[in-house]
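Read through the structure below, which is laid out as structure tokens, and then see the notes.
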There are 2 protein chains.
Amino acid sequence: MAAHASPGPAGTTIYSVADAAGVSIATVSRVLAGSQVVSQRTRDKVLAAVDRLDYTPSASARSLAVRQHEALGLVLPELDGPYFSELLMGFEEAAADLGLSVVLSLADRGRGLDATRFQRLAAGVDGLAVLGGIVDDEALRRTARQKPLLVVAGAETPGVDRLSAENVTSSTELTSHLLGTHGRTAPVFVGDPDIAPDVRQRHDGFVAALEAHDVAVPEPLRVGLRESDGVAAAELLLARHARPDAVVCANDETALAVLDRLVDAGLDVPGEVSVTGWDDIMTARYVRPGLTTVRQPVRELGALVARRLHERITGVDPAPQDALATRVVLRGSCGCPGDARRTRP
Amino acid sequence: MAAHASPGPAGTTIYSVADAAGVSIATVSRVLAGSQVVSQRTRDKVLAAVDRLDYTPSASARSLAVRQHEALGLVLPELDGPYFSELLMGFEEAAADLGLSVVLSLADRGRGLDATRFQRLAAGVDGLAVLGGIVDDEALRRTARQKPLLVVAGAETPGVDRLSAENVTSSTELTSHLLGTHGRTAPVFVGDPDIAPDVRQRHDGFVAALEAHDVAVPEPLRVGLRESDGVAAAELLLARHARPDAVVCANDETALAVLDRLVDAGLDVPGEVSVTGWDDIMTARYVRPGLTTVRQPVRELGALVARRLHERITGVDPAPQDALATRVVLRGSCGCPGDARRTRP
DNA sequence: TTGTATGCGTTATCAC
DNA sequence: GTGATAACGCATACAA
């Protein structure tokens, strides 16, 4: 065990330092701000005092004075899986490079983030990014009127900017690959388009491909995005009289579970049925057959979001930005010559 | 596209509200604080004004006044893999429940977090948690003197509290299982004990088991914790004249890579060689044979850290806390009847 | 029940 | 080059 909260130099303020150095607080402030006008001699005195007293300026006092929090907010769903980690990493790194700290808020799956917490978060930052579908539109618009706000991978909302990775086109490409190259004729989409704008767009792309190939569009299997949802979907699929010959899943977690459950039930993947995912998480490379999926530049997206926020905060007019390009990654689960070895990122 | 930074009700302060409601700022403050002394009539007037003006109190002004940031800091390495996500989730959730926000700082792998950023972070929170091995001891001690600081899964540092999951005992248990149940005689440890206190403790447990079984203790294979490090380790192992019959890896990422590479090279796992990991990440359940590993209550750890920090901030004397218990998860890769189906969490 | 006045720790605008 | 001093926006002790 160790020292409890401490009597230490806790109450050290700019006044203490000024006293100790025999100067005014203005001078201390100047020195700490790196102003060039102060003489070398004074500077040294001040720095010595700062060091001796172990002084750190109060962040809130500073924020209050400069009218800036020098912080960015980020609202994410409970993050498991690499998607959110990556997004967060990209965001944090970019923010740090800009000298901004990031305050993070995680929403409970399902419930979303309540307006109060959201507002409190917004109050402590200069701008914030919110993953699509977590905060309701009304709260979003209200906040957007107060400070820079960006919705990531979300639905279009009047009055609020957004940024995301491309979905529709690559989903069409992926599905067409299944229909064309692998001659699939009865594909099904696993995922609930209403659960998230991403999923909706992926479904849209799926539908577009089917229509282009004159294939009847089946109702999507509306399940969530977790492993357990994939298992449930697989059971449903297995119970059907007419089984699909291709399962296009909304993300890798569900796809992996489906793949696994199907193989388990004795089906030949990709012989009888193709399975695809979305995200290209680590496990996608390790399973056999390797999971065909779509890779998104998630980290870059996170970084871009932070930089864009900063631009808006500093008043720079941000250049219009298209959705970030994604890439279909072909492995064995769709029917491609599943290289036994996996494709490295 | 949407509204740029906005002329909106940005400069709305408690004074505006007071004016609009025809009361003093003290009353506004009271209403917002939920004080019961104010009359219903006034309360309504104020609330109406707040709503009409879309007022949100300034976080920094409030912090300055109450001398509290109502925020917790968390310093993590760049988080990939579920370990950090889980820790973060547990931490954030507990913090949110306590009404605290969390500001996150990610350290570049290797370099650690520079003292300046660390200090800036510390200045904006009431207490912070740091993952072991990221910030140097000196900076740690200095900060610990100023405000509650907790090191998670770190080395013992005089004057700094810490909290972690159990490592040594479960590592001994795991290794003994290899030596006893599976009759292994030439195990090797993959991981650098100097890279992190966790790894050191796992190695310590490994060594203890060998000594208890009168097995010569080999030099550990000092590599990092990423997949690529595991690949490198596997190559090294494969090149040896005398190959080990058990590979105890410091975490799952490296273990999976080792497992994969070994199987690839034609070795029989677990016939010729056992492979084990640590963490029980998702992929561990999906590979064949399933990866034997150790599961840590990471999320609980994160939550515990946040609560403990809060206790110390509020002056509660925290009860002494042992390391959190971990659990060995036996799957196929050690030689156990690798249930083809995986063990669910 | 409500209002007045002061302090919180900085930054920044003036003078000197 | 340096020092008073006024904001910054809120909480709160004290009066009324």
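The structure presented is a predicted model; accordingly, all values stated were derived computationally and were not measured. Naming convention: chains lettered A, B, ... in sequence-line order (proteins, then strands); numbering from 1 in each chain.
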Indicate whether OP1 or OP2 belonging to [N] is found under 4.0 Å from a side-chain N or O atom of [X].
| X | N | value |
| --- | --- | --- |
| B/Thr27 | C/dT2 | no |
| B/Tyr15 | C/dG3 | no |
| A/Ser58 | C/dT10 | no |
| B/Ser24 | C/dT2 | no |

Salt bridge check: are B/Arg117 and A/Glu93 linked by an N-O gap of less than 4.0 Å? no
Taking B/Arg142 first and then A/Asp54, would you say they form a salt bridge - that is, a charged N and a carboxylate O separated by under 4.0 Å? yes
CG of B/Leu87 to CG of B/Leu74, rounded to nearest 0.5 Å, is 6.5 Å
Between atom CG of B/Asp161 and atom CG of B/Leu149, what is the distance when rounded to the nearest 0.5 Å? 8.5 Å
Nearest whole angstrom, please: distance from the [atom2] of [N] to the [atom1] of [X].
| X | N | atom1 | atom2 | result |
| --- | --- | --- | --- | --- |
| B/Leu53 | D/dG9 | CG | P | 14 Å |
| A/Gln146 | D/dG9 | CD | P | 14 Å |
| B/Arg30 | D/dT12 | CZ | P | 11 Å |
| A/Ile25 | D/dG1 | CD1 | P | 20 Å |

Using only heavy-atom distances, determine whether the side chains of B/Ser63 and B/Ser60 contain a donor-acceptor pair under 3.5 Å. no
Will you find, in the side chains of A/Arg62 and A/Gln68, an N or O donor that is under 3.5 Å from an N or O acceptor? no
For residues 59-69 of chain B, which residues have at least one heavy atom under 4.0 Å from DNA chain C? B/Leu64, B/Ala65, B/Arg67
Report yes if some heavy atom in the side chain of [X] is under 4.5 Å from a heavy atom in the side chain of [Y]; otherwise report no.
| X | Y | result |
| --- | --- | --- |
| B/Val23 | B/Thr42 | yes |
| B/Leu121 | A/Ser101 | no |
| A/Leu131 | A/Ile134 | yes |

Does anything in residues 36-48 of chain B reach DNA chain D, meaning a heavy atom under 4.0 Å, and if so which residues? none
Axis-to-axis angle between the two ends of the helix from C/dT1-D/dA16 to C/dC16-D/dG1 (five base pairs per end, rounded to 10 degrees): 40°
Kindly say whether A/Val125 contributes a backbone atom to a donor-acceptor pair with the side chain of A/Lys147 at under 3.5 angstrom? yes
Looking only at heavy atoms, which two atoms of B/Glu78 and B/Leu106 are closest? And how far apart? CA-CG, 4.2 Å
So what does B/Val23 touch, heavy atoms closer than 4.0 Å: a base, only the sugar-phosphate, or nothing? sugar-phosphate
